[in-house]
Amino acid sequence: MAEWVNACAINDVDEEDVIRFDHGDRTFVIIRDHEDNYYCTDGMCTHEDVHLEDGLVVEATIECPKHSSIFDCTTGEVETPPACENLCTYPTKVEDGRVYVEI
Amino acid sequence: MPRDYSLIGPDAQRAVDAGLVTEDWYRTPIDRKQMKALMRRADQPAIRDTSILFGLMAVFAGVGIALMPSWWSLPFWLAYGVLYGSAMDSRWHECGHGTAFKTRWMNQAVYQVASFCMIRDPYCWKFSHARHHSDTIIVGRDPEVAIMRPVVALKVAANLIGVPDMISGFRLMLLHAAGRIDPEEAEYLPPMFHAKTIRTARIWVAIYALTLGAAMWFQSWVPVLLIGLPRLFGCWHMVICGWLQHGGLADNVTDHRLNCRTVYMNPVSRFIYWNMNYHVEHHMFPLVPFYRLPELHRVCAWDFPEPCHSFAEGYAEMLPALWRQRKDPDFHLRRPLPATANPYQDTPAA
Ligand code: FES
């Protein structure tokens, strides 16, 4: 059963940047784009076991730090290989200066 | 210990069993804000360099054609060859990483052209290079080991005129054009890309056939001097730079400071090679574009072994090690780290 989880403060993530968010035994990333929208995706790249926390955020995309696969943060869709599978994304909302994620 | 570099041989499993197939590679700690600034993309440096590159190619080829059949055309063809057979290698590399340009279609366009010049299928080599970054110089895993051990001097030297590379490139292109994928390539190329590889090979075969046909029709060397042959006589610069990347250094380790070499080079070589002489830096942080590697080099200096200060110094360090590796494949160089550095990570930390 999905629940809204308080993930971080909005200022914990810089503009066009990403932070890691661990919950239970799962790992995610919280991404902030150039227009202050927040996204949450699985933390690990779908290509190999590399965490996206060190990735590069450009507008609403995140690029894997290992082999540069680019994922659309809004849909999780993979835009460039070598990753071939999409990322799972999770709904987010901002309330009282906090980012909540439905997981 | 003997080494089997096949990706489907016993060393592939040995690497897995030894825990060498891992994400746990050493990385120099860098402040996130600083890293973000280093990874930031721009179009301008690559547009400038690409314009210079294609401009020079047009000029050298034009003058070369104009001066034929005089021997005075030779230096122009040699210069054109280096840009075709060597600079295209670094363009293939940087655009394959997607770091050269900020605009994605520009990376793609130059990547396709450079892949053709280098006779490297753009899909196979995208995945092969990803594997090279995941498992750098891990025997049985890395498909891009330039100097295998024990070192066979003649085989290594033959690469200077691109013969083994060209044979392998054409063999694979014809295999793909016939609708087949090499079993080693199938190790890393996902099936969803097979059709693209096959289609690309058929287009390339058509281009080479047209080039050859034009050479015979016009009874002229010009078509093959423009397309194809420069891959042979112009690749020497790529090769002399490429040997320095990993030659004589460790294999089967998980720290790029142990298996990559940074060498200071002259501005012309750095233009041709697009700063890949900062090779430790590139392997540790592949998202940093070529034009920010000198800056990354300064940021990492406290944690990296002293770079070689010239080609000559690089070769003086590497060649004796390669000579020894003819008989003793386990021998490798281990360069001292500065006192400020974190210790080497020979095996996975976890
Ligand atoms: S690990 Fe992410 S693209 Fe390879």
Side-chain angles (χ1 to χ4, degrees), chain A residues 8-22 25 27 29-34 36 39 42-75 77-87, chain B residues 21-25 27-33 35-42 93-105 107-108 111 122-136 141 188-193 196-197 282-289 292 350:
Chain A
C8 61
I10 53 172
N11 290 330
D12 287 346
V13 198
D14 287 343
E15 195 182 311
E16 284 195 294
D17 206 359
V18 53
I19 60 166
R20 179 182 182 132
F21 167 56
D22 293 330
D25 57 358
T27 186
V29 282
I30 307 291
I31 298 156
R32 177 175 166 184
D33 72 9
H34 59 306
D36 293 338
Y39 310 94
D42 276 340
M44 304 306 279
C45 180
T46 58
H47 177 227
E48 289 176 3
D49 284 338
V50 170
H51 210 287
L52 295 170
E53 64 180 323
D54 294 320
L56 176 67
V57 177
V58 177
E59 297 183 355
T61 62
I62 183 159
E63 185 169 336
C64 173
K66 188 79 181 188
H67 309 114
S68 311
S69 272
I70 297 174
F71 299 91
D72 182 333
C73 302
T74 60
T75 60
E77 196 182 331
V78 59
E79 295 183 349
T80 59
C84 300
E85 284 173 40
N86 298 339
L87 274 177
Chain B
V21 182
T22 172
E23 298 309 324
D24 187 24
W25 283 70
R27 269 158 64 111
T28 296
I30 297 181
D31 170 71
R32 174 72 188 165
K33 276 195 176 24
M35 198 62 224
K36 248 178 86 178
L38 286 162
M39 292 190 293
R40 214 176 52 241
R41 304 286 158 74
H93 178 263
E94 281 299 286
C95 295
H97 276 283
T99 50
F101 297 88
K102 182 177 182 183
T103 306
R104 235 183 278 172
W105 71 261
N107 276 318
Q108 259 311 310
Y111 181 66
Y123 306 99
C124 286
W125 279 79
K126 172 87 187 162
F127 284 88
S128 127
H129 198 64
R131 177 72 80 85
H132 173 61
H133 271 266
S134 294
D135 302 324
T136 311
R141 292 286 302 179
Y188 48 78
L189 183 71
M192 65 193 280
F193 288 95
K196 288 182 173 178
T197 290
H282 166 67
H283 264 275
M284 203 179 277
F285 300 105
L287 254 54
V288 175
R292 292 200 215 284

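Naming convention: chains lettered A, B, ... in sequence-line order (proteins, then strands); numbering from 1 in each chain.
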**OP:** Go through B/Arg41, B/His133, B/Met35 and name the one with the most non-hydrogen pairs under 4.5 angstrom from chain A.
**Re:** B/Arg41
Original post:
A/His51 versus chain B, heavy atoms under 4.5 Å apart: side chain, backbone, both or neither?
Top reply: neither
**OP:** Would you indicate whether the side-chain heavy atoms of A/Lys66 and B/Ser134 approach each other to under 4.5 Å?
**Re:** yes
**OP:** Go through the atoms of B/Met192 and report whether side chain, backbone, both or neither lie under 4.5 Å from a heavy atom of chain A.
**Re:** side chain
Subject >> Closest approach of A/Asp49 to B/Glu23 (non-hydrogen atoms, all atoms of both residues) >> reply: O-CG, 2.9 Å
Original post:
At a heavy-atom separation under 4.5 Å, does B/Phe193 approach chain A through its side chain, its backbone, both, or neither?
Top reply: side chain
Subject >> A/Asp14 with B/Arg32: basic N within carboxylate O range, under 4.0 Å >> reply: no
Original post:
Between A/Ser69 and chain B, which part of the residue has a heavy atom less than 4.5 Å away: side chain, backbone, both or neither?
Top reply: neither
**OP:** Write down the atom of B/Leu287, the atom of A/Ser68, and the distance for their closest heavy-atom approach.
**Re:** CD1-OG, 3.4 Å
Original post:
Are B/Met39 and A/Glu63 close enough that some pair of their side-chain heavy atoms sits under 4.5 Å apart?
Top reply: no
Subject >> Residue pair A/Cys84 / B/Phe127: nearest heavy atoms and the distance that separates them >> reply: SG-CZ, 4.4 Å
Original post:
If you count the non-hydrogen atoms of other residues, nucleotides and ligands that lie under 6.0 Å from NZ in B/Lys36, is the total more than 12?
Top reply: yes
Original post:
At what distance, to the nearest 0.5 angstrom, does NE2 of B/His132 lie from NE2 of A/His67?
Top reply: 10.0 Å
Subject >> Toward chain A, the part of B/Thr22 with a non-hydrogen atom under 4.5 Å >> reply: neither
Subject >> Stepwise salt bridge (Lys or Arg N to Asp or Glu O under 4.0 Å) check, A/Asp54 with B/Arg27 >> reply: CA-CA 11 Å; A/Asp54 294 320; B/Arg27 269 158 64 111; 3.4 Å; yes
Original post:
Between A/Val50, A/Val58, A/Val57, which residue shows the highest count of heavy-atom pairs closer than 4.5 Å to chain B?
Top reply: A/Val50
